[in-house]
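Below: the structure, in structure tokens.
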Amino acid sequence: MTVLVTGFGPFGTEVVNPSGQVAESLAGTELSGERVEGVVLPVSTGRVATLVVEALERFRPRLVLTLGLAAGRSAPALERVAINVRDFPIPDVDGEQPGGGPVVESGPDAYLTDLPIKAVLGAWIDQQIPGYISNTAGTYLCNQVFYLASHHGRIHRTRVGLIHLPSTPEAAAVSHRSGERPVPTMDLGLLERAVRLAVQVSLRHEGTDIGLPAGSLC
Ligand code: PCA
């Protein structure tokens with residue numbers, strides 16, 4: 001059995017995307033006895049639809065952890081819900097900017113993650129890694145991939161989650177625009193540790209999530 005970790009390439013003003021870097025660095029490793037496959041997706045609404053389905057069919061993963069950069073967030077965020085909406089704040093890399101249509105025509109309004117997000121958060125806290133639960137993944141590509149993997153993965157009962165990563169010092173420095181303060185950052189190695197831990201906890205956690213009261217306001 002395998003674990004699939006996806007990240008993204010550059011988009012908008014983000015010339016370096018830590019989510020793709022983490023997916024690449026975990027690819028080929030083993031976590032809790034499962035092989036990790038890594039895929040770096042283009043920030044393209046048209047292309048991810050096929051690429052996500054192809055990756056699910058090729059790897060038949062037990063767990064899919066999708067990653068994305070959310071520059072401006074202060075720590076990794078465990079997303080609770082994927083919604084059936086594509087309402088892009090900026091165009092994708094192909095110049096597409098849907099204004100509110102669905103990810104999947106006639107799909108359900110939303111999927112809740114089946115990762116034990118509270119258990120992962122608890123493990124992060126134990127390891128002194130800051131993080132939080134987020135109740136909105138936005139309506140851009142990360143939400144789209146999270147929704148697509150949830151929708152198509154349900155056939156094989158694949159568990160799916162999304163972690164939004166903050167920027168890294170390197171990414172923030174190169175995408176920094178004059179006149180603006182750089183966004184908050186965390187070291188890439190620490191983000192990798194957070195993602196590895198999320199995979200390990202998700203693989204070993206059975207049944208319902210723990211009841212840690214730690215939701216966020218945004
Ligand atoms: N972040 C964007 C899309 C690609 C990425 O890394 C998002 O949060 O939707």
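Numbering of ligands and ligand atoms starts at 1, following listing order.
- A donor atom on one side chain and an acceptor atom on the other are found under 3.5 Å apart for Arg86 and Thr45.
- Distance alone, capped at 3.5 Å, places no donor-acceptor pair between the Ser19 side chain and the Gly7 backbone.
- Not a single heavy atom of Glu14 sits under 4.0 Å from any atom of ligand 1.
- Shortest contact from atom 1 (N) of ligand 1 to any protein heavy atom: Leu69 O, 2.8 Å.
- Shown here for Leu65 and Ala198, the closest heavy-atom pair between the two residues is CD2-CB, 4.2 Å.
- Remark: Glu192 CD to Asp187 CG distance equals 8.5 Å, nearest 0.5 Å.
- Nearest protein heavy-atom contact of atom 2 (C) of ligand 1 is Cys142 SG, 3.4 Å.
- The backbone N or O of Ala149 lies less than 3.5 Å from no partner atom in the side chain of Tyr111, so there is not a single donor-acceptor pair.
- By the 3.5 Å distance cut-off applied to N or O atoms, Gly68 is not counted among the residues near ligand 1.
- Residue-level proximity to ligand 1 for Asn17 is carried by the side chain, the only part with a heavy atom below 4.0 angstrom.
- Close approach of ligand 1 to Tyr140 (heavy-atom distance below 4.0 Å) involves ligand atoms 2 (C), 3 (C), 7 (C), 9 (O).
- The Leu141 neighbourhood of ligand 1 comprises atoms 3 (C), 9 (O), with distances under 4.0 Å to a heavy atom of that residue.
- Residues Ser44 and Glu96 bring no donor and acceptor atom of their side chains to less than 3.5 Å of each other.
- Counting atoms of ligand 1 from 1 in the listed order, those under 4.0 Å from a heavy atom of His164 are 7 (C), 8 (O).
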